[in-house]
Amino acid sequence: MEYNPSKIEQKWQEIWHRENAFEPKNSKDLPKKYILSMFPYPSGRIHMGHVRNYTISDAIARYYRQEGFNVLHPVGWDSFGMPAENAAIKHKLHPKKWTYENIDYMRKELASLGLSFSKEREFATSDPLYTKFEQEFIIKMYENGLLYEKKQNVNWCETCHTVLANEQVVEGCCWRCDNEVKQKQMPGYYIKITKYAQELLDDLKNLESGWPKQVLTMQENWIGRSEGLAFNLKLDERSLEKLDHKFDSFDVFTTRPDTIYGVSYTALAPEHEIVKYIVENNLLEQSKIEEIKAMQKVSEKDRALADKEGVSLEIEVLHPLTNEKIPVWVANFVLASYGGGAVMAVPAHDQRDYEFASKYNLPIKEVISNPNSNLQKEAFTESGVLVNSGEFNGLKSQKAKKAIIYHFEQNSLGKKEINYKLRDWGISRQRYWGAPIPFVHCDSCGLVPEKIENLPITLPDDVEITGEGNPLDTHPSFKVCKCPKCGKEARRETDTMDTFVQSSWYFLRYCTPNDKNKPFEKEDIDYWMSVDQYVGGIEHAILHLLYARFFTKALRDLGYIDIDEPFENLLTQGMVLKDGAKMSKSKGNTVDPDALISEYGADTARLFTLFAAPPVKELEWNDSAVEGAFKFIRRFVDRADHVNSKDLPEFDHSLLSKDEKNARKKVYEALKKSKDIYETRTFTFNTVIAACMEALNALNAQKNSDVWSEGYYILLHVLEPIIPHTCWELSDKLFDRKNLKPIKILEEVFVDDTITLAITINGKKRDEIEVDKSLSKDEILSLAKDKASKWLEDKEIIKEIYVPNKLINLVAK
RNA sequence: GCGGACGUGGUGAAAUUGGUAGACACGCCAGACUUAGGAUCUGGUGCCUAACGGUGUGAAGGUUCAAGUCCUUUCGUCCGCACCA
């Protein structure tokens with residue numbers, strides 16, 4: 001039979017579309033699988049990363065459909081976001097037009113890959129209906145104390161003209177354009193993700209069996225829980241006066257209360273209120289004031305790279321246990337955003353404090369004793385036995401921590417505290433192409449949420465995108481509105497939401513995609529959620545995957561749904577590389593999926609992507625291997641002529657020749673392997689494809705047409721998730737599609753009359769022996785010794801090991 | 001610095017509980033068919049050696065009848081976080 005990919009692919013894509021072949025059934029009694037790939041941003045064209053992503057999830061979805069599950073495998077569009085505005089500026093196109101045209105084009109591209117998506121559940125997050133429910137969530141969050149507005153320092157990207165969340169700042173630069181991020185005081189809306197810090201951390205344990213360890217660790221680090229002692233340092237008399245009694249103390253946090261007797265100075269962040277007061281009121285000599293001002297101007301990123309430096313503030317605090325006077329400094333390494341912006345410094349037992357103390361000749365006082373400690377050279381930061389620590393001397397670090405915290409709590413000097421690195425999620429963006437934040441500013445009522453019945457607040461179409469400022473802010477009428485509370489003239493909020501808000505709940509909406517009155521039906525969520533298999537790139541390990549986990553928990557607490565975690569199993573696929581580098585336009589090493597499909601067909605693209613590497617690993621592009629994938633399909637199709645039966649033939653296995661038996665064995669091995677990779681969720685399609693190739697090679701080595709028919713029946717079944725067009729075409733022609741349903745593994749084909757054993761001497765393989773399976777262990781050993789006699793001359797056998805079906809090991813001296 | 005993942009041929013990669021290392025491909029070599037072939041088919045292909053044989057999973061030890069797999073040490077690569085008190 002001849003292989004004509006473009007003809008059969010077009011044919012089946014049309015049939016699938018016409019028959020709406022992949023819509024899940026309405027019945028909620030069937031066992032279900034929810035298979036999801038991270039939805040695409042409609043950038044204009046799909047790339048090889050998409051091909052890989054969707055091919056993997058499509059194969060999984062198709063497998064479970066064969067196995068009789070009700071499968072939800074939806075796709076949609078993450079369609080708000082900046083590229084639409086950039087394109088608008090560049091091509092003078094409205095972002096909406098650009099976005100929806102891209103969606104139409106990319107939908108066709110995805111269809112050309114033969115992806116088995118649900119047709120009726122597709123939506124774009126920029127659809128007004130989606131915005132409506134999202135705005136409703138935001139208002140509910142506000143009403144339940146999960147969202148607040150606040151003016152504070154934000155990450156500002158000048159190139160993108162917008163605020164960024166902490167998660168979107170990569171090494172001090174914008175995650176999108178790589179421009180340096182500046183700090184700027186601005187009002188903004190924040191979602192209280194920190195309220196869920198502990199739950200987000202604790203529930204990682206429930207994901208251990210289904211998520212890659214790497215992702216769990218990254219989330220754990222990002223949440224960054226640490227436990228310690230928070231206490232107050234009081235200023236001494238002289239310092240109180242110096243600061244005009246405006247301050248009397250400040251708070252610090254430490255994870256090492258056992259080192260508290262080693263405090264020899266304390267340090268404040270340059271942004272600390274006390275530092276600001278000193279600078280504003282010129283309470284130090286001019287040169288020092290200038291130095292502090294210079295420090296304040298340095299960005300967080302540059303500070304991280306700079307040497308440690310500081311200025312003595314010429315004030316002192318009292319040590320809470322010894323009452324000794326301790327100098328207060330301002331230091332560039334103290335972060336304003338963590339632990340109150342102030343630290344107690346223990347140079348002997350903290351490397352950072354040590355460097356600072358060495359530079360400014362501050363005392364280094366040992367309070368943890370350990371033979372490995374060498375304070376002449378560096379700080380000793382591990383645990384040990386307390387010395388120079390008053391009543392706590394002699395205690396080991398672990399016990400001392402508890403005892404000192406207890407002492408502080410008993411004497412009301414401080415308390416045990418848990419700190420997180422996780423910050424609240426700033427969702428304000430000063431951009432046009434996003435979901436408007438549904439709030440109104442009223443001079444009488446302050447910040448007022450829009451009424452639910454007025455939602456959605458939609459974007460005006462008549463805007464000019466210039467890249468300068470927010471078009472909503474300068475729009476003639478968008479801002480003008482009435483206060484939902486008192487009815488007076490008011491101003492509508494012009495900030496739009498971070499696009500990560502949309503991707504935080506889209507997987508829930510697929511469960512009830514078309515309801516105009518509510519975001520989702522509880523019954524639908526109960527049935528379909530959680531996602532059984534989520535597939536996407538590792539780059540979302542923190543951003544999207546953390547936000548989506550949070551949103552699920554928040555919507556649960558708002559009464560919408562009843563689940564704790566959205567994604568039961570997660571597969572993070574590797575990148576697609578060419579010439580050792582990630583494919584990118586700027587490097588010019590991209591492969592165009594459309595061109596690939598028109599040259600070889602979608603099935604070849606799919607086969608190559610799944611065969612060249614296991615999904616979690618990087619995939620190195622290789623043109624001749626693509627050619628190889630194509631040739632395999634062609635060879636496979638060519639052999640269809642050997643099939644002579646419309647059904648699965650029956651056999652008396654014992655009457656077959658050796659080659660025929662071997663062919664059947666290889667075929668069933670492929671079937672077994674296939675079940676195995678889905679059930680263990682390794683999804684190593686490469687091994688299944690290899691097993692199919694072996695099976696085809698083995699079929700080729702014999703001529704029995706019944707064996708061919710059976711082999712073909714099964715191989716089409718195994719390969720259908722991988723190369724669906726080819727398999728539907730042949731299955732339809734040869735077997736009336738009867739083989740696209742579960743097939744029983746016949747164990748009889750794995751049993752041979754004879755077994756081949758390796759003969760190893762002292763663990764080294766020397767020979768092989770084929771024996772009748774009915775022979776006893778002693779008979780086999782004796783045959784093996786004869787066969788390997790050459791290796792046993794002048795030697796004494798001191799031990800004989802027989803591993804059934806595997807090998808014989810003779811230990812000889 | 002902290003945390004995680006991983007080191008197997010020329011290349012991509014296989015290898016249940018420890019049990020014949022390199023399956024399956026790509027590439028390469030040889031042959032057949034052919035006007036031709038970048039088509040197809042057949043055979044070969046870890047390294048060293050003419051061969052017998054030796055050797056081989058980053059390195060060094062260890063456990064074991066037997067180690068890619070388990071343990072210890074070490075080197076290297078990649079990724080994430082990073083002055084988090």
Side-chain angles (χ1 to χ4, degrees), chain A residues 170-172 212-222 224-226 228-230 252-256 259 266-267 269 300 303-308 331-335 337-346 349-353 355-356 381 419-423 538-539 541-542 574-575 577 608 611-614 616-629 631-632 634-635 638 676 680 684 686-697 700 756-768 797-812:
Chain A
V170 181
E171 287 173 11
K213 195 163 183 175
Q214 197 191 161
V215 176
L216 297 173
T217 313
M218 281 164 73
Q219 292 215 352
E220 192 182 325
N221 292 342
W222 188 261
R225 180 192 151 109
S226 55
L229 171 69
V252 292
F253 172 73
T254 179
T255 53
R256 291 294 303 272
T259 65
T266 70
E300 203 164 309
R303 275 186 216 175
L305 299 171
D307 286 339
K308 292 180 185 26
N332 65 344
F333 65 81
V334 182
L335 300 174
S337 58
Y338 189 84
V343 294
M344 69 170 216
V346 184
H349 304 294
D350 182 291
Q351 187 56 28
R352 193 188 42 198
D353 298 345
E355 285 169 32
F356 192 84
T381 58
N419 261 306
Y420 300 92
K421 286 194 234 175
L422 184 69
R423 296 281 87 117
I538 185 89
E539 67 273 19
I542 303 175
M575 286 189 299
L577 308 180
F608 168 75
F611 182 54
V616 294
K617 285 190 79 170
E618 291 176 336
L619 169 67
E620 174 71 37
W621 195 261
N622 180 336
D623 287 324
S624 37
V626 173
E627 184 84 28
K631 286 179 190 171
F632 169 74
R634 195 174 56 186
R635 199 156 60 95
D638 178 65
D676 196 53
T680 58
T684 46
N686 52 328
T687 61
V688 174
I689 296 164
C692 291
M693 289 171 167
E694 279 188 72
L696 187 66
N697 292 343
N700 243 335
T756 304
L757 295 165
I759 303 173
T760 63
I761 315 280
N762 296 331
K764 274 209 162 33
K765 187 189 171 189
R766 294 304 186 187
D767 208 339
E768 257 180 24
I797 297 176
I798 50 176
K799 199 162 182 181
E800 297 170 349
I801 286 139
Y802 170 57
V803 185
N805 297 316
K806 296 268 183 196
L807 55 72
I808 293 142
N809 189 24
L810 301 170
V811 185

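These numbers come from the heavy atoms of this one structure, side chains and all, not from hydrogens, waters or symmetry mates.
Residues that satisfy the salt bridge (charged side-chain N to carboxylate O under 4.0 Å, His left out) test with A/R225, not counting sequence neighbours, are A/E227. Shown here are the salt bridge (charged side-chain N to carboxylate O under 4.0 Å, His left out) partners of A/E620, two or more places apart in sequence or in another chain: there are none.
For the OP1/OP2 pair of B/rA85 and a distance below 4.0 Å, the side-chain nitrogens and oxygens of A/S226 include at least one atom meeting the criterion. When the side-chain nitrogen and oxygen atoms of A/K631 are compared with OP1 and OP2 of B/rA39, one or more of them lie within a distance under 4.0 Å. Note on A/R635: every side-chain N or O is 4.0 Å or more away from OP1 and OP2 of B/rA39. Side-chain nitrogen and oxygen atoms of A/N700 include none within less than 4.0 Å of the OP1 or OP2 phosphate oxygen of B/rC41.
Going from the P atom of B/rG19 to that of B/rC79 covers 33 Å, rounded to whole Å. Nucleotides B/rG46 and B/rG1 have their P atoms positioned 42 Å apart, rounded to a whole Å. Comparing the P positions of B/rG7 and B/rA15 gives an interatomic distance of 12 Å, to the nearest angstrom. Atom C1' of B/rC52 sits at a distance of 26 Å from the matching atom of B/rU57, rounded to the whole Å. Nucleotides B/rG9 and B/rA14, compared at atom P, are 14 Å apart to the nearest Å.
Checking B/rG27 for Watson-Crick or G-U wobble geometry (two distances, each under 3.5 Å) identifies B/rU45 as its partner. With a 3.5 Å ceiling on both atom-pair distances, B/rG56 lacks any Watson-Crick or G-U wobble partner.
For A/T217, taking side-chain heavy atoms from C-beta onward, the closest of the listed nucleotides B/rG3, B/rC26, B/rC84 is B/rG3. Taking every side-chain heavy atom of A/R634 into account, B/rA39 is the closest of B/rA39, B/rG4, B/rC81. Minimum atom distance to the side chain of A/I542 is reached by B/rC81, of the listed B/rG27, B/rC24, B/rC81.
Here B/rG31 is in the anti range [glycosidic angle more than 90° from 0].
Nucleic acid contact for A/R766: sugar-phosphate only, since backbone atoms but no base atoms lie under 4.0 Å from a heavy atom of the residue.
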task: Treat primed atoms plus P, OP1 and OP2 as sugar-phosphate and everything else as base, then score nucleotides 9-22 of chain B 5' to 3': B for base contact with protein heavy atoms under 4.0 Å, S for sugar-phosphate contact only, - for none.
output: ---SSSS---BB--
